[in-house]
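Values below: all heavy atoms of this structure, side chains included; hydrogens, waters and symmetry mates excluded. Below, chains carry the letters A, B, ... as their sequence lines are ordered, and counting in each starts from 1.
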Amino acid sequence: MENPFTLTGKTIFITGAGSGIGRATALQCAGLGATVYITDLNEATLAETLGMLEGEGHQMYVANLTDDDALQELVSKLPKLDGFVSNAGIIKTILTQFGERSDVERILNINTVAPIRLTQILLQNKRFNKEAAIVYTSSMAGVFNGAIGNGLYGASKSALVGFVKSLALELAPRKIRVNTVNPGITQTNIYNNTTITPEQLEEEMKRYPLGRYGRPDEIASAIVYLLSDATKWMTGTNLLIDGGFSLQ
Amino acid sequence: MEIKEFIENFVDQFDDLELADVTPDTVMRDLDEWSSMIGLSLLNMAEKEYGVTLTFDELRHAITVQNLFDTISNKQK
């Protein structure tokens, strides 16, 4: 039987691949036979990911995705894609009353504007093959639930859900599929250098019906699923992976 | 940073707390209005008013208003 979950022969571009979900996705894509093009702001961790990839022909490019010139340059180096995983993102916990314009702009620029701009530039440069798949890392936050101090993050991630609905329609004639994954708290370094401590995360974990946080490779598996031919009839959807958190 | 001004900012994070009810020795968690949201509010205040990023852990270790003041002052140095 032909394996519908394989990525053999596909070329896939992944942002935020220096760590966490992005790195895990790059590893799985390469492991399942894809050629991957990876990008991150951090050269050292990106090179580390590149070194871990199975197979040949993978490439890495360091880029600041909030800069339009950098995006143009990045896209000019990419081949035609069968898959695009927009994963790079940040988190900041701040009560609404403390927010400044700079906080709003920073979170939205990285989590929302950059993925949208990158998509626009990829399309303008005709970088997608027919039947390609696009996956955005959104979140359960802002889409399926709220949390105190998480308004900006939730806004930035739920904006992607709104964007995907129209993009999926626009690209459907070319059979290009567009979906999001919506993870609950996943054990990555996104919480480093934030007000959230390991102790607090430990406490929060007790609220998860499946008793723990997600692992990056578990979110990567959902992304791979959406990239693969197994989901040829899925577009415009939001795949929630949250250990049951949103049930309550 | 002075303790007097700090207490004013501290009280500002609460809805029903009066300036007269708070001294440097006040135990923060004994205040009626205390909640995790007030805690986050104090962290955000530390960042906006004093340019110091505190963790929840550092907040947890501060028992009195004076403790919190000291933690923030030490980080400013």
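For a residue to count as touching a neighbouring chain, one of its non-hydrogen atoms must lie under 4.5 Å from one of that chain's; by this rule B/Gln13 touches chain A with the side chain only. Only the side chain of A/Gln97 comes within contact range of chain B, with heavy atoms under 4.5 Å apart.
Between the NZ atom in B/Lys48 and the CG atom in A/Leu95 there is a gap of 11.0 Å [rounded to 0.5 Å]. Atom CD1 in A/Ile148 sits 7.0 Å away from atom OG in B/Ser35 (nearest 0.5 Å).
Remark: A/Glu43 CD is loosely packed, at most 12 non-hydrogen atoms of other residues, nucleotides or ligands lying under 6.0 Å away. Atom CG of B/Asp32 sits in a sparse spot, with 12 or fewer heavy atoms from other residues, nucleotides or ligands closer than 6.0 Å. Counting heavy atoms of neighbouring residues, nucleotides and ligands inside a 6.0 Å radius, atom CD of A/Glu54 does not exceed 12 of them. Other residues, nucleotides and ligands place more than 12 heavy atoms under 6.0 Å from the CD atom of A/Gln248.
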